[in-house]
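Numbered from 1 within each chain, the chains take letters A, B, ... in sequence-line order. Here the structure is a predicted model, which means the values were calculated and not measured.
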Protein chains: 2
Amino acid sequence: MALGKDYAHQQCSIARSLEVVGERWTLLVVRDAFYGVRRYGDFLAHLGAPRAVLAARLQALVDAGVLDRRRYQESPPRDEYVLTEAGLALWPVLRALGAWGRDRIPGTLPMRRFHHAACGTELGPGGECPSAGCPSHGRAVPPADIEMRPGAGLDPDPADPVSRALLRPRRLLVPLEHEPPAGNSPAAPVVVPDGH
Amino acid sequence: MALGKDYAHQQCSIARSLEVVGERWTLLVVRDAFYGVRRYGDFLAHLGAPRAVLAARLQALVDAGVLDRRRYQESPPRDEYVLTEAGLALWPVLRALGAWGRDRIPGTLPMRRFHHAACGTELGPGGECPSAGCPSHGRAVPPADIEMRPGAGLDPDPADPVSRALLRPRRLLVPLEHEPPAGNSPAAPVVVPDGH
DNA sequence: TTCATCGGTTCATTCACCGAACCCAGCGGG
DNA sequence: CCCGCTGGGTTCGGTGAATGAACCGATGAA
C-alpha cells in the first residue's frame, strides 16, 4: 500500500480515505467503473497500467468494499468488477477532482460533460441539476441519472476500443457492450437465456 | 512524480488533477494548509512525512500554482506556504474525501466537523449551509467562512504541538500561532522597525 | 491439434520512499 | 570571537513498490 502504516496514525477521515483510494491508478480504476468499464481487459486497455498493478488494485478495491467481483458467465468462468454502494459514494470525489482539473489546470479543455439524464441540463459545479423546472432542481444528481457527453478536449480518434466506446454519449454505470465471442449469427441475435 | 508520464496521455481532467495532487502526502499537505499550517516545520511535525519528501511536495505544489511561497520575515529569512486561489478551489475535493471516509469506511468516527462560521450550523453533505434562515442557505460555504471543530474520533491528547493546536475550534485558513523567538520582553513587545 | 482469448502471475529492472545524518545561515549569549 | 540553538532544508544508503515483458492455464474455436 502506498499509505498503509504511515497514514494509520493520522487522525483524519481524509487520510483514511487516501489509504483506500490514494494509491496510484486506484481512482482511475474507480473512474472507469463509473464510465461502465467492468472487465480486467477493458481496464487494462483504457488505463494502460501494468497488469500486475491493475490486478492488485482491483483486489484491494474489492477488499475495501468499493468494488464487487461477480461472475457474469460460467464457461469460461469470467468475473466483472462493479461498484458497490460505497463505491458509488465516491462520485462526488471524482466530480470534484475533474472539475478542479478542468477549471484550474492551465490548458485543460473540458473532456467530458455531465448532464442530468432526466432533463438534459448540464450539471452545476456541485453536481446538482441547475434547471429550475426540474423536479430535482438544486439537488445532487446520482451517478445513475447522469449522462456523459464528450467535450472539446477529447481525442476524436483514440487508439484503444474502450476509449472509442466512451466517445459516444452514455449513461454512467451502464456496462460497455461486448460482442459475444461468436459475433456473426445474422438472423439469430443471441437471446441471453436468463439474466439472473 | 507518482503519475507523470503515465497519466499524461490520459484524456481526462481527473487524471490531470491526479498528476498534480495524486502523489503520496500531497493532498495531506493541502489539507494542512487549509487547517492553517504554513511552515515547513509544522507540516513536518503534523504529517510525519520524510523531510525530503515534504520539501519535494511543497516545491511541486508551488510549481503547480497550488501553494504560494512567501517571505514572512527577513531576518533570518523565513518563508511560509499559503494556498493560492487554485489551491483554495481544492476544498470540495478534500471535503468529499473526508465525507466518504467518515461515512463509508467502517469504524471511522467523525474527526473534524465543519460549521458555517456566520450562523454556526454544521455544513451539509455537499458543503452547503443547511440553515433555512441563513443568507447563504443551500450554497457552498467558502473555506474562509468555515469553522472547524473537533469530532469524537480525535485523539484528545496528541503528541505533536500542531495537532494540539488543531484541537481547538478554529477558522480554516487562519495561520497557526507561533511565539516570536524571544518571547519574554514583558514591557517592550518588540516593534519591528519597518516591515518592507 | 493447433490457435486465440481472457485473466491473470512471475521476474528482473527501475524508481520512489524512507529515515537518519549532515549542512548552512542567522541569530543570541558568554 | 566562539559556541550552540533554531529553522529549513539536502544527501545518502537501504528498502519496497511500480514497470513492462514474458510466461501460464483454462476454455473454446478452426
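- Taking all atoms of both residues into account, the shortest heavy-atom contact from A:Pro169 to A:Arg149 is CB-CG, 4.1 Å.
- In this view, A:Asp63 and A:Gln59 satisfy the side chain to side chain donor-acceptor pair (under 3.5 Å) rule, not counting sequence neighbours.
- A:Arg70 pairs by the salt bridge (Lys or Arg N to Asp or Glu O under 4.0 Å) definition with A:Glu80, not counting sequence neighbours.
- For the residue pair A:Ser17 and B:Trp100, the shortest heavy atom distance occurs at OG-CE3, 3.6 Å.
- Between A:Glu74 and A:Arg51, it is A:Arg51 whose nearest contact on DNA chain D lies nearer the 5' terminus.
- For A:Glu122, the side chain to side chain donor-acceptor pair (under 3.5 Å) criterion is met by no residue, not counting sequence neighbours.
- Counting to the nearest Å, the P atom of C:dG7 and the CD atom of A:Gln59 are 15 Å from each other.
- Taking atom CG of A:Asp42 as the reference point, atom P of C:dG8 lies 13 Å away to the nearest angstrom.
- Listed by residue number, B:Tyr40, B:Gly41 are the residues of residues 33-41 of chain B with a heavy-atom contact under 4.0 Å to DNA chain D.
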Short N/O separations, protein against nucleotides 23-25 of chain C, under 3.5 angstrom:
none

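- Residue A:Phe43 is out of contact with every strand shown, counting any heavy-atom pair closer than 4.0 Å.
- In this entry the distance linking CZ of A:Arg71 with P of C:dC6 reads 16 Å, nearest Å.
- Using cut-offs of 30° and 60° on the angle between ring planes, the pair B:Phe34 and B:Trp91 is tilted.
- Of the candidate nucleotides D:dG9, C:dC18, D:dA18, C:dC18 has the atom nearest to the side chain of B:Trp25.
- In this structure, B:Arg71 places its CZ atom where more than 12 heavy-atom neighbours from other residues, nucleotides or ligands lie under 6.0 Å away.
- Cluster annotation: B:Leu67 and B:Leu44 are assigned to the same hydrophobic cluster (Ile/Leu/Val/Met/Phe/Trp/Tyr, side-chain heavy-atom contacts under 4.5 Å, transitive).
- In terms of position along DNA chain D, the nucleotide closest to B:Tyr81 lies nearer the 5' end than the nucleotide closest to the other residue of the pair B:Tyr81 and A:Ala49.
- Between the CD atom of A:Glu23 and the C1' atom of D:dA17 there is a distance of 9 Å, given to the nearest Å.
- To the nearest angstrom, P of C:dG19 lies 13 Å from CG of B:Leu47.
- For the OP1/OP2 pair of D:dG9 and a distance below 4.0 Å, the side-chain nitrogens and oxygens of B:Arg69 include at least one atom meeting the criterion.
- Heavy atoms of B:Ala52 sit under 4.0 angstrom from at least one base atom.
- For A:Arg102 (side chain) and A:Thr108 (main-chain N/O), no donor-acceptor pair under 3.5 Å exists by modelled atom type.
- Taking atom CZ of residue B:Arg57 and atom P of nucleotide D:dT10, one finds them 14 Å apart after rounding to whole Å.
- In this structure, CG of A:Leu44 is placed 13 Å from C1' of C:dT5, rounded to the nearest angstrom.
- Annotation: salt bridge (Lys or Arg N to Asp or Glu O under 4.0 Å) contacts of B:Arg69 (sequence neighbours excluded): B:Asp79.
- Taking 4.0 angstrom as the limit, B:Tyr72 places a side-chain polar atom (N or O) nearer than this to OP1 or OP2 of D:dG8.
- One interatomic measurement links the two molecules: CG of A:Leu28 to C1' of D:dA18, which rounds to 15 Å at whole-angstrom precision.
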